[in-house]
There are 2 protein chains.
Amino acid sequence: MEDKYHHGNLRQALIDHGIRIINEEGEQSLSLRKVAAACGVSHSAPYAHFKDKEELLSAIKASVTERFTEYLYRSVDEVKDESAEKAIVAMGRSYVKFFLEHPDYYQFLFYNQKITVHLTAGEIHEEDYPPYLLLKELFFRYLGEKGIALSDEEKEIELIKIWSTVQGIASIACMENVKTTKPWEDYLDKLIH
Amino acid sequence: MEDKYHHGNLRQALIDHGIRIINEEGEQSLSLRKVAAACGVSHSAPYAHFKDKEELLSAIKASVTERFTEYLYRSVDEVKDESAEKAIVAMGRSYVKFFLEHPDYYQFLFYNQKITVHLTAGEIHEEDYPPYLLLKELFFRYLGEKGIALSDEEKEIELIKIWSTVQGIASIACMENVKTTKPWEDYLDKLIH
DNA sequence: TGTTAATCTTGACACTGTCAAGTTTGTTGT
DNA sequence: ACAACAAACTTGACAGTGTCAAGATTAACA
């Protein structure tokens with residue numbers, strides 16, 4: 001750092017301060033100039049690392065997605081000695097909890113149509129979206145433990161149903177204008193019918 | 001209209017052009033000045049009707065929510081002679097279809113944390129959120145038709161599960177970066193287990 | 001008909017994203 | 001060691017933004 005002309009690691013600093021600002025002040029109030037100032041560089045410095053604001057947001061989004069994925073894996077790991085059903089519920093709870101702990105991340109991750117996640121490279125299909133992979137793995141383990149046999153099609157339908165339920169509950173829990181009468185945790189207990 | 005100093009119905013014109021712009025160019029590119037220009041009025045004119053940009057967006061949001069609700073009711077009405085289960089599926093399909101037809105509305109309706117819907121006045125609780133009321137009505141009819149008896153708690157849990165599943169599927173269907181292998185309609189067929 | 005309040009305009013301000021041009025520094029080839 | 005080059009960063013400018021204050025126009029009403 002210090003007072004060098006070259007920052008040293010501006011790219012990562014921009015991402016980190018960007019995440020902090022989004023979480024503290026909301027996405028709306030994140031500006032390139034503000035992030036630059038937070039990193040102690042001039043207002044145009046970010047353009048050496050990102051084509052435009054969109055590209056910085058995309059990088060921030062990828063970074064948040066990584067943290068989200070780690071968060072899910074950690075929660076599942078904590079109950080790794082118990083049943084797959086417990087693990088799925090644990091994952092669902094963490095899924096929602098993550099966004100309640102970081103209220104601005106939900107909108108940021110899922111609802112910037114102009115931003116596409118680039119975890120590695122290219123578009124993300126369900127098949128290589130890490131949270132989905134985790135759920136898939138757990139669900140297959142669940143089917144094994146229960147001795148349930150399903151066709152591939154039935155499996156996918158069930159998977160999408162579970163995933164979308166969790167996603168939907170997170171969505172509802174994050175909506176400030178819609179309140180459920182029961183705490184959201186209650187809706188996750190019977191995630192698998 | 002004409003060349004009068006007083007527009008006549010500027011408030012509604014701002015809302016209508018606002019909706020059009022959001023749907024044509026996306027929410028990001030909606031500015032107060034642009035809407036004002038579209039209405040043929042000076043850049044500060046909107047301030048006679050809305051405190052700030054947020055308040056205009058809030059009015060637009062309420063207007064879109066109304067259209068959304070109407071859209072759902074219409075689709076349910078089209079199958080009013082069939083079973084409640086069919087109606088629920090029809091509603092689910094329309095729920096998703098509405099946002100696929102108006103790609104910018106999804107983010108706009110659900111993910112502007114700073115905007116709260118004011119359909120009549122005050123916050124919206126699940127209890128008086130019209131789409132939820134519709135689903136509730138259909139679900140109770142479904143239970144009657146099937147002769148299923150549930151406790152109030154069980155009823156609510158099932159309702160939230162159905163609602164969040166539909167919401168989640170809409171969410172997934174609207175995500176450009178996540179693609180399912182099957183068309184989203186397939187995941188709605190077995191909405192009720 | 002005169003007063004008042006609502007509606008709209010004009011002008012200004014700070015802030016935004018972006019670009020062009022110039023400056024500093026690390027790297028690389030000889 | 002040194003020149004050449006490319007990457008990283010600065011400075012300055014531009015159009016567009018939300019918002020406010022002050023003034024102009026008009027409708028409504030006493």
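Proteins get letters first, then strands, A, B, ... in listed order; numbering begins at 1 in each. This one's a predicted model, so the numbers in the text were calculated from it and none came from an experiment.
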Engineer: Separation of D52(A) atom CG from dG16(D) atom C1', in whole Å?
Structural biologist: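 In whole Å, dG16(D) C1' and D52(A) CG are 16 Å from each other.
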Engineer: Take the protein atom CZ of R33(A) and the nucleotide atom P of dC9(D), then report the distance between them rounded to whole Å.
Structural biologist: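 My rounded result for the distance is 17 Å.
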Engineer: For R141(A), is there an ion pair with E137(A) - N to carboxylate O distance below 4.0 angstrom?
Structural biologist: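 Salt bridge absent between E137(A) and R141(A).
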Engineer: Verify the ring-centre separation between Y106(B) and F98(B): is it less than 6.0 angstrom?
Structural biologist: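 No, too far apart.
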Engineer: Looking only at the side chain of K53(A) (C-beta and beyond, no hydrogens), which of the listed nucleotides dC8(C), dT19(D), dT18(C) gets closest?
Structural biologist: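 Ranking dC8(C), dT19(D), dT18(C) by closest atom to the K53(A) side chain puts dT18(C) first.
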Engineer: Of the candidate nucleotides dT19(D), dT7(C), dG18(D), which contains the atom at the shortest distance from the side chain of S31(B)?
Structural biologist: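 Selected nucleotide: dG18(D).
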Engineer: Quick one: is the NZ or CZ of K155(A) closer than 6.0 Å to the six-membered ring centre of F140(A), and within 45° of its axis?
Structural biologist: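 Positive - K155(A) is close enough to the ring of F140(A) and near enough to its axis.
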Engineer: For K34(A), does the NZ atom have more than 12 heavy-atom neighbours from other residues, nucleotides or ligands under 6.0 Å away?
Structural biologist: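 Above 12, so yes.
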Engineer: CG/L10(A) to NE2/H17(A) distance, rounded to the nearest 0.5 angstrom?
Structural biologist: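 L10(A) CG to H17(A) NE2: 10.5 Å, rounded to 0.5 Å.
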Engineer: Whole-Å distance between dC9(D) P and F50(A) CZ?
Structural biologist: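 Going from F50(A) (CZ) to dC9(D) (P), I get 11 Å.
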Engineer: Tell me the interatomic distance from L57(A), atom CG, to dG17(C), atom C1', rounded to whole angstroms.
Structural biologist: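 After rounding, the reported distance stands at 12 Å.
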Engineer: Within this structure, what is the CD-to-P distance between Q28(B) and dT16(C), rounded to whole angstrom?
Structural biologist: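 Going from Q28(B) (CD) to dT16(C) (P), I get 15 Å.
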Engineer: Rounded to the Å, how far apart are H6(B) NE2 and dT7(C) C1'?
Structural biologist: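 So the NE2-C1' distance, H6(B) to dT7(C), works out to 4 Å.
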Engineer: Between H49(A) and dC9(D), is there a contact of a side-chain N or O with OP1 or OP2 at under 4.0 Å?
Structural biologist: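 Yes, H49(A) has a side-chain N/O under 4.0 Å of OP1/OP2 on dC9(D).
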Engineer: Could you check how far CG of N9(B) sits from P of dT7(C), rounded to whole Å?
Structural biologist: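 Value for this atom pair: 11 Å.
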Engineer: Is any side-chain N or O of H43(B) under 3.5 Å from a base N or O of dG11(C), one able to act as donor and the other as acceptor?
Structural biologist: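 Donor-acceptor pair under 3.5 Å: yes.
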Engineer: How close or far is atom P of dG17(C) from atom CG of L14(A), stated in whole angstroms?
Structural biologist: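 One finds 12 Å between P of dG17(C) and CG of L14(A), rounded.
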Engineer: So if I take every side-chain heavy atom of Y47(A) and compare against dC8(C), dG17(C), dT17(D), which nucleotide ends up nearest?
Structural biologist: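 That would be dG17(C).
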Engineer: Using a 4.0 Å heavy-atom cut-off across all strands, classify S44(B) as base, sugar-phosphate, or nothing.
Structural biologist: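 Base: the residue S44(B), judged by heavy atoms under 4.0 Å, touches a nucleobase.
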